[in-house]
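One structure below.
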Amino acid sequence: MVPAAGLAAALASGVLAAPSAPGDLAGFVAAIYKRGVPFIQVPTTLLAQIDSAIGGKTAVDLKTGKNLVGVFYQPKLVFADTKTLSSLSVRQIRNGLSEAIKYGVIDDPKLFDYIEAHHEEFLKGEDKVLNFIVGRCAKIKADIVAADEKETKGLRTILNFGHTVGHAVEAASPGYKYHHGEAVGLGMRVAARISVNRNLLSAKDEARINQLITSVGLPEQIKGVKLSKILDLMQHDKKFVAGHNRFVLAHRIGKVSVISDIPLSIITKAIKAYSA
Ligand SMILES: NC(=O)c1ccc[n+]([C@@H]2O[C@H](COP(=O)([O-])OP(=O)(O)OC[C@H]3O[C@@H](n4cnc5c(N)ncnc54)[C@H](O)[C@@H]3O)[C@@H](O)[C@H]2O)c1
Ligand SMILES: [Zn+2]
């Protein structure tokens, strides 16, 4: 075994709570092995092609939460071939579509319209639709990262729409039952609910967001996860600083902003609205 692979295996065995995403783990190993060696990302899942392989966030998970040890470290190249997606399970495709819906909500109403109109062809693997959605999402991610590579200007934060509650649901579900995109889908429902409660988002746009998440076959309710555990894990989120919380909330499809200090009662009520 080559030393870098040995390091990856050691990181993946003892200290981790769950298998870290392979791309995140490989990037982290490349960043720390010999204080950094060049690497490329060759993502083969939809989620990785449109999100995790782009942007240079590398990390491993600890027992206390996801991505707790990591660094920013950019790959020299991201090589994504949509042909690899043909062998993915439908569940994995849906998992990635959750992040595609996110891009529509945070940045691109036309992309949102396109996914509404073409998600069935996408799920059937039609090349034209795959290439358009993967290409568009990858471009949105790359542009946002280029504007705020190390997340110091507040711009990159919008990529976390649905992730504050989503990460907590993912980590709180026994055995990481929910995949990342499934948990983010639930988190986007909660974020949309809070947005309506704060008079930012119309009920009509909330309904469209919920409908699209449902149409692609993502979960409608948080099941088998304790509310207290979700709330507890959320306190560890990096957007919760010194008792103050920050949520990415939607104003309309295509426009979001970061809002501070949402009352805990409102957050709890929104999570309960989607809990079985
Ligand atoms: N670094 C970031 O910026 C970032 C962003 C979003 C998500 N993430 C992380 O990414 C992780 C999820 O990544 P993922 O969905 O790529 O998971 P994954 O790489 O674990 O893949 C999911 C499953 O699909 C299988 N698989 C991969 N490619 C395949 C193919 N072409 N055909 C058939 N099967 C295939 C894998 O073996 C695995 O069983 C989460 O842990 C999430 O937190 C990181
Ligand atoms: Zn994500």
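In each ligand, atom 1 is the first atom listed, and ligand 1 is the first ligand listed. We count residues from 1, following the sequence as given. Note that these values count all heavy atoms, side chains included, but never hydrogens, waters or copies made by symmetry.
Between Asn67 and Asp61, some side-chain heavy-atom pair lies under the 4.5 Å cut-off.
At a heavy-atom cutoff of 4.0 Å, ligand 1 is contacted by the side chain of Asn95 but not by its backbone. Under 4.0 Å from ligand 1, not a single heavy atom of Lys102 appears. At a heavy-atom cutoff of 4.0 Å, ligand 1 is contacted by the side chain of Leu47 but not by its backbone. With a 4.0 Å heavy-atom cut-off, ligand 1 is reached by no atom of His179. Residue-level proximity to ligand 1 for Thr44 is carried by backbone and side chain together, each with a heavy atom below 4.0 angstrom.
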Is there a side-chain contact (heavy atoms from CB on, under 4.5 Å) between His167 and Glu170 once you walk through the steps?
-> CA-CA 5 Å; His167 270 150; Glu170 189 181 356; 3.6 Å; yes
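Looking at ligand 1, you'll find an N or O of Ser87 within less than 3.5 Å of one of its N or O atoms. For ligand 1, the polar-atom distance check against Glu170 finds no nitrogen or oxygen pair separated by under 3.5 Å. Close N/O approach between Glu99 and ligand 1 is not found [any backbone or side-chain N/O within under 3.5 Å].
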Can you give each donor-acceptor pair under 3.5 Å made by side-chain atoms of residues 261-268, sequence neighbours left out, with the distance rounded to 0.1 Å?
| residue | atom | partner | partner atom | Å |
| --- | --- | --- | --- | --- |
| Asp261 | OD1 | His244 | ND1 | 2.8 |
| Asp261 | OD2 | His244 | ND1 | 3.3 |
| Thr268 | OG1 | Leu264 | O | 2.7 |

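For the pair OE2 of Glu99 and NE2 of His163, the angle at the Zn ion (ligand 2) is about 120°; rounding is to 10 degrees.
Taking CG of Leu218 as the reference point, atom CG of Asn95 lies at 7.5 Å (rounded to 0.5 Å).
The atom of His180 nearest to the Zn ion (ligand 2) is NE2, with the search restricted to N, O or S atoms.
Ligand 1 places these atoms under 4.0 Å from at least one heavy atom of Lys141: 3 (O).
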